[in-house]
Amino acid sequence: MAYWLMKSEPEEFSIDMLKQRKREPWNGVRNYQARNFMRDGMRKGDGVLFYHSNCAEPGVVGIAEILCAAYTDPTQFDPKSDYFDAGSKYDEPRWLMVDVGYKRKLKRTISLNELKERPELGDFALTRRGNRLSVLPVTAEQWQFILALE
DNA sequence: GCCAACGTTGGC
DNA sequence: GCCAACGTTGGC
């Protein structure tokens with residue numbers, strides 16, 4: 001079992017929306033590195049730190065889980081979608097997605113600021129300089145440490 | 001709204 | 001293959 005952190009802008013899709021819907025196809029990832037994490041790393045049952053980005057208090061706000069291995073993201077073939085990719089072919093889809101399931105909200109937001117101040121996290125993909133990945137790996141140690149802060 | 005950091009595109 | 005221009009992410 002592996003652990004991940006997935007970012008979402010709360011105005012686009014918040015932890016409360018995931019709580020309501022219970023399950024969400026994580027479409028729209030259009031970064032190769034993030035796609036590779038989903039394709040090569042993610043398996044059913046993996047843990048997800050749900051992170052709010054681009055908001056007043058960026059940070060980890062909840063826990064989710066990966067519900068299935070990566071599969072074709074249909075929005076890449078939809079000309080009306082924001083995520084349409086004219087260069088992707090049906091028989092060779094460029095973009096994948098996973099389904100994410102709601103587990104629970106944290107009692108409080110564990111803010112980016114707080115995470116930056118924790119040397120215990122070591123080399124953490126989230127706080128690496130200039131990091132912009134929306135899907136990134138979390139070690140078992142980081143997972144436990146972050147949740148212990150709750 | 002600003003802007004640093006990064007990824008992508010496309011001319012050459 | 002290089003690299004300038006451009007677009008996007010996301011913290012502040």
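Throughout, a chain's letter reflects where its sequence line sits, starting with A, and its residues are numbered from 1.
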Next item on the list: Grab the CZ-C1' distance between A:R129 and C:dG11 for me, whole Å please.
Entry: 14 Å
Margin query: Assess the residue pair A:W95 and A:Y71 against the criterion (ring-ring contact (aromatic ring centres under 6.0 Å, His included)); give the C-alpha distance rounded to whole Å, side-chain angles, the decisive distance to 0.1 Å, and a yes or no.
Written below: CA-CA 8 Å; A:W95 305 112; A:Y71 61 103; over 10 Å; no
Next item on the list: Calculate the interatomic distance between A:N54 atom CG and B:dC2 atom P; express it in whole Å.
Entry: 15 Å
Check: So, A:S111 and A:N113: side-chain donor and acceptor under 3.5 Å apart, yes or no?
Finding: no
Margin query: Tell me whether A:D85 is salt-bridged to A:R30, with the criterion being a basic N under 4.0 Å from an acidic carboxylate O.
Written below: no
Next item on the list: Can you figure out which of B:dT8, C:dC12, C:dT8 approaches the side chain of A:R132 most closely?
Entry: C:dT8
Margin query: I need the CG-C1' distance between A:N31 and B:dA5, as an integer number of Å.
Written below: 13 Å
Checklist line | Nearest-neighbour nucleotide for the A:S53 side chain, B:dT8, C:dG10, C:dC12 considered | finding: C:dG10
Check: With respect to the phosphate group of C:dG11, does any side-chain polar atom (N or O) of A:Y51 fall under 4.0 Å of OP1 or OP2?
Finding: yes
Checklist line | Gap between atoms CD and P, on A:E12 and C:dG10 respectively (whole Å) | finding: 12 Å
Margin query: With a 4.0 Å limit, can you tell me whether A:K7 has a side-chain N or O closer than that to the phosphate oxygens OP1/OP2 of C:dG10?
Written below: yes
Check: Just how far, in rounded Å, is C1' of C:dT9 from CG of A:L136?
Finding: 13 Å
Notebook entry, point to check: How close or far is atom C1' of C:dG11 from atom CG of A:L115, stated in whole angstroms?
Noted result: 14 Å
Next item on the list: Mind calculating the distance between CD (A:E9) and P (C:dT8) to the nearest angstrom?
Entry: 13 Å
Check: To the nearest Å, how far apart are A:L133 CG and B:dT8 P?
Finding: 10 Å
Check: For A:L67 and A:V100, which heavy atoms make the closest approach, and how far apart are they?
Finding: CD1-C, 3.9 Å
